[in-house]
**Q** 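First the structure, then my questions, so here it is.
As a basis for the values below, the full set of heavy atoms in this structure was taken, side chains included, without hydrogen atoms, waters or symmetry mates.
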Amino acid sequence: MLDIPNTQNSSFQEEHNDHYYMSHALRLAKRGLWSTDPNPRVGCVIVNAGKIIGEGWHQIAGESHAEIYALEMAKEQAAGATCYVTLEPCCYHGRTPPCTDALIKAGITRVVIATTDPNPLVSKKGIEQLMKANIAVDTGILSQEAEELNKGFFMRMRYNRPYIRCKLAMSLDAKTAMSSGESKWITSQEARSDVQCFRARSSAIMVGAGTVLADDPQLTVRENELPCELYSSNKAKEIKQPLRVVIDTFLSMKTDARMLSLSGQTVIFTSSNNTTIKKTLEKTGAHVIACSEPEKRVDLKTVCHTLAEKYEVNELQIEAGANLSGAMLRAGLIDEMVIYMAPTLMGSKARGLFNLPDIEYMNQQIPLKIDNITAIGQDWRIIAHPAV
């Protein structure tokens with residue numbers, strides 16, 4: 001049980017308490033960071049007479065939502081209590097019954113919601129149902145933090161595409177590989193382990209065919225490299241492996257690529273109409289989808305919409321070379337960059353970070369906003385996003 005200190009100013013106390021309990025609900029929601037996909041990460045706290053009597057978080061898609069776990073803990077004490085939840089309670093029958101019905105039946109008298117649900121099946125409808133049942137509803141408490149936790153889900157619901165993160169490793173002189181293509185390893189083991197946390201929260205990982213041919217990656221989450229304190233808080237016995245996505249313009253990928261022998265799914269986007277190679281790749285279990293621009297390149301915007309619509313991808317992580325990374329940036333399809341910078345120099349012949357051939361003058365620069373710089377082992381991790 002957690003107690004909140006009393007204060008003489010009741011309005012200040014209520015506001016202080018709301019932030020306190022919602023902060024706790026957000027901490028709970030973060031426990032589902034690696035397991036709720038494609039659902040949002042949601043936490044819930046139920047409070048009665050200044051004490052937490054129930055708490056929970058959404059753990060695995062298809063299982064109970066955060067409110068249900070909290071109500072099961074609170075039991076009959078939920079009558080007359082306040083419920084703090086990081087996302088608007090659902091109000092329709094999906095894989096689980098509506099949480100609004102459960103809250104009403106339990107006798108909850110007030111619901112504090114961090115942010116409304118962008119899903120059109122729920123948006124403001126859950127709040128309306130609660131208010132019709134004479135339950136007081138307050139919204140907007142720590143809404144920015146709640147939306148940040150689910151930025152992929154919000155992006156998919158609002159814009160029909162994933163939140164797209166580009167992961168890059170570079171030297172101090174901004175090189176990502178030697179001229180031969182050799183790139184193992186630029187950064188330290190600590191940095192490579194840190195990447196596993198971003199992979200674990202991602203719905204899919206995207207590479208280009210060149211990366212597949214050069215490195216033969218598996219694009220999996222290496223569970224043994226995840227931080228123990230985060231992994232142990234996850235209910236799932238195994239981290240859900242992300243969807244593997246390859247941009248292969250000419251269908252040059254080989255059928256003996258390691259990722260094609262793994263469980264889970266690989267999706268290959270191409271502009272080639274070679275049905276023989278397509279059928280050969282599909283025999284391995286891969287999905288091959290043709291989507292091309294007039295210039296016979298893969299239509300990257302269509303790729304992103306397809307990943308959102310067909311595969312429910314919330315967060316897409318790009319781990320590609322300069323060509324695909326540059327093409328995604330030019331198309332306005334990168335929301336965040338996670339750049340690991342190693343204290344080394346690779347020389348003028350080495351390959352650069354992004355292929356941006358159209359930039360010739362200072363007024364054509366792409367401005368970035370740096371959100372965070374953190375030391376990871378001997379390297380630096382820079383998180384940034386396009387400023388325009």
**Q** Does the side chain of Ile53 come within less than 4.5 Å of Val47's, by heavy atoms?
**A**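 Not in contact.
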**Q** Which pair of non-hydrogen atoms, one from Ala114 and one from Ser143, has the smallest distance, and what is that distance?
**A**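 Closest heavy-atom pair between Ala114 and Ser143: O-CB, 3.1 Å.
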**Q** With the side chain counted from C-beta on, respond yes when Ile205 and Arg244 share a heavy-atom pair under 4.5 Å apart, and no when they do not.
**A**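 No. Closest side-chain heavy atoms not under 4.5 Å.
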**Q** Within the side chain of Ser123, is there an N or O that forms a donor-acceptor pair under 3.5 Å with the backbone of Pro118?
**A** no
**Q** Does the side-chain contact (heavy atoms from CB on, under 4.5 Å) test come out yes or no for Ile46 and Leu71, once each step is laid out?
**A** CA-CA 7 Å; Ile46 297 177; Leu71 288 170; 3.4 Å; yes
**Q** Where do Ser272 and Asn274 land on the side chain to side chain donor-acceptor pair (under 3.5 Å) test, with the steps shown first?
**A** CA-CA 6 Å; Ser272 171; Asn274 190 319; 5.2 Å; no
**Q** Looking at Thr187 and Ala169, what are the two nearest heavy atoms and their distance?
**A**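 The answer is CG2-CB, 3.9 Å.
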**Q** So which heavy atom on Ser171 is nearest to which on Thr344, and how close?
**A**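 It is CB-O, 3.2 Å.
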**Q** Can a donor-acceptor pair be found, under 3.5 Å and without considering hydrogens, that links the side chain of Arg41 to the backbone of Leu149?
**A**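 Here the side-chain-to-backbone pair exists.
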**Q** Taking a hydrophobic cluster as the set of Ile, Leu, Val, Met, Phe, Trp and Tyr residues connected by side-chain heavy atoms closer than 4.5 Å, whether directly or through intermediates, do Val42 and Ile113 fall within one such cluster?
**A**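 Same hydrophobic cluster.
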**Q** With no hydrogens and no angle check, is any side-chain donor or acceptor of Arg156 less than 3.5 Å from a backbone partner on Leu307?
**A**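 Flag not set: sc Arg156 to bb Leu307 has no pair under 3.5 Å.
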**Q** Looking at CG of Leu243 and OG of Ser202, how far apart are the two atoms once the value is rounded to the nearest 0.5 Å?
**A** 11.0 Å
**Q** Nearest 0.5 angstrom please: Asp335 CG to Arg165 CZ, how far?
**A** 9.5 Å
**Q** Could you tell me whether Arg31 sits above the aromatic face of Trp57, with NZ or CZ closer than 6.0 angstrom to the six-membered ring centre and within 45 degrees of the axis?
**A** yes
**Q** Answer yes if the side chains of Glu319 and Gln317 hold a donor-acceptor pair under 3.5 Å, and no otherwise.
**A**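 Note: Glu319 and Gln317 side chains meet the donor-acceptor criterion.
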**Q** Between His58 and Ser64, is there a donor-acceptor pair closer than 3.5 Å when you use the side chain of the first and the backbone of the second?
**A** yes
**Q** Hydrophobic clustering (ILVMFWY, side-chain heavy atoms < 4.5 Å, transitive) - are Ile334 and Val303 grouped together?
**A** yes
**Q** Could you tell me the separation between the OG atom of Ser193 and the CG atom of Leu226, rounded to the nearest 0.5 Å?
**A** 8.5 Å
**Q** Would you check if Asp379 and Pro343 make a side-chain contact, meaning some heavy-atom pair closer than 4.5 Å?
**A**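 Yes - at least one pair of side-chain heavy atoms lies under 4.5 Å apart.
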**Q** Ignoring hydrogens and geometry beyond distance, is a side-chain donor-acceptor pair present between Ser188 and Glu190 at under 3.5 Å?
**A**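 Yes.
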**Q** So, Glu148 and Lys151, do they make that salt bridge, N to O below 4.0 Å?
**A**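 Answer for the salt bridge query: yes.
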**Q** Honestly curious: do Ile370 and Ile383 fall in one hydrophobic cluster under the side-chain, below-4.5 Å linking rule?
**A** no
**Q** A side-chain contact here means heavy atoms from C-beta on lying under 4.5 Å apart; do Val298 and Cys291 qualify?
**A**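 Yes, their side chains come closer than 4.5 Å.
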**Q** Provide the closest heavy-atom pair for Gly56 versus Ala66 in the form atom of the first, atom of the second, distance.
**A** O-CB, 3.8 Å
**Q** Is it true that Asp248 and Lys254 have a side-chain N and a carboxylate O under 4.0 angstrom from each other?
**A** no
**Q** Working to the nearest 0.5 Å, report the span between OG1 of Thr82 and CG of Asn17.
**A**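 It comes to 9.5 Å.
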**Q** Counting C-beta onward and ignoring hydrogens, is there a side-chain heavy-atom pair between Leu356 and Arg330 closer than 4.5 Å?
**A**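 They are in contact (side-chain heavy atoms under 4.5 Å apart), so the answer is yes.
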**Q** I'd like to know if Lys30 pairs up with Glu145 as an ion pair, taking the criterion as any Lys NZ or Arg NE/NH1/NH2 lying under 4.0 Å from an Asp or Glu carboxylate oxygen.
**A**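 So Lys30 does not pair with Glu145 through a salt bridge.
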**Q** What pair of heavy atoms forms the shortest contact from Glu67 to Leu87, and how long is it?
**A** OE2-O, 4.3 Å
**Q** Between Tyr92 and Val122, is there a side-chain heavy-atom distance shorter than 4.5 Å?
**A** yes
**Q** Check whether any side-chain N or O of Ser203 sits under 3.5 Å from a backbone N or O of Leu316 as a donor-acceptor pair, and report yes or no.
**A** no
**Q** Closest approach of Pro89 and Leu130, non-hydrogen atoms and distance?
**A**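 Closest pair (atom of Pro89, atom of Leu130, distance): CG-CD1, 4.2 Å.
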**Q** Near Gln364 CD, under 6.0 Å, is it more than 12 heavy atoms from other residues, nucleotides or ligands?
**A** yes
**Q** Does the Asn355 side chain pair with the main chain of Ser325, one donor and one acceptor, at a distance under 3.5 Å?
**A** no
**Q** Indicate yes or no for a side-chain donor-acceptor contact from Glu88 to the backbone of Ile127 under 3.5 Å, with no hydrogens or angles considered.
**A**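 Confirmed, Glu88 side chain pairs with Ile127 backbone.
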**Q** Taking Tyr340 as the starting point, is it possible to reach Ile186 by hopping between hydrophobic residues whose side chains are less than 4.5 Å apart?
**A**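 As far as the 4.5 Å side-chain criterion goes, Tyr340 and Ile186 are not connected within one cluster.
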**Q** Please report the interatomic distance CD1(Ile164) to CE(Met337), rounded to the nearest 0.5 Å.
**A** 12.0 Å
**Q** If only atom types and distance count, is the side chain of Thr284 paired as donor or acceptor with the main-chain N or O of Leu281 below 3.5 Å?
**A**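 Confirmed, Thr284 side chain pairs with Leu281 backbone.
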**Q** Looking at Thr220, is its backbone amide N or carbonyl O close enough to the side chain of Gln241 to form a donor-acceptor pair, meaning the two atoms are under 3.5 Å apart?
**A**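 Pair absent, no side-chain N/O of Gln241 close to backbone of Thr220.
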**Q** Determine the sole option in Asp138, Leu142, Val112 for which the side-chain contact (heavy atoms from CB on, under 4.5 Å) test with Tyr84 is passed.
**A**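 Of the listed options, the one satisfying the test is Val112.
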**Q** Please check if the side chain of Arg297 supplies one atom and the backbone of Thr249 the other of a donor-acceptor pair under 3.5 Å.
**A** no
**Q** Would you say that Phe354 contacts Leu168 through its side chain, given a criterion of any heavy-atom pair below 4.5 Å between the two side chains?
**A**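 Heavy-atom side-chain distance check passes, below 4.5 Å.
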**Q** So do the side chains of Glu225 and Gln189 get within less than 4.5 Å of each other, counting heavy atoms only?
**A** yes
**Q** What I want to check is whether the side chains of His287 and Glu282 have a donor and an acceptor closer together than 3.5 Å.
**A** no
**Q** Can you tell me how far apart CZ (Arg381) and NZ (Lys167) are? Round to the nearest 0.5 Å.
**A** 13.0 Å
**Q** Find out if a path of hydrophobic residues (ILVMFWY) with successive side-chain heavy-atom gaps under 4.5 Å connects Ile268 to Ile277.
**A**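 Yes; Ile277 is reachable from Ile268 via cluster members.
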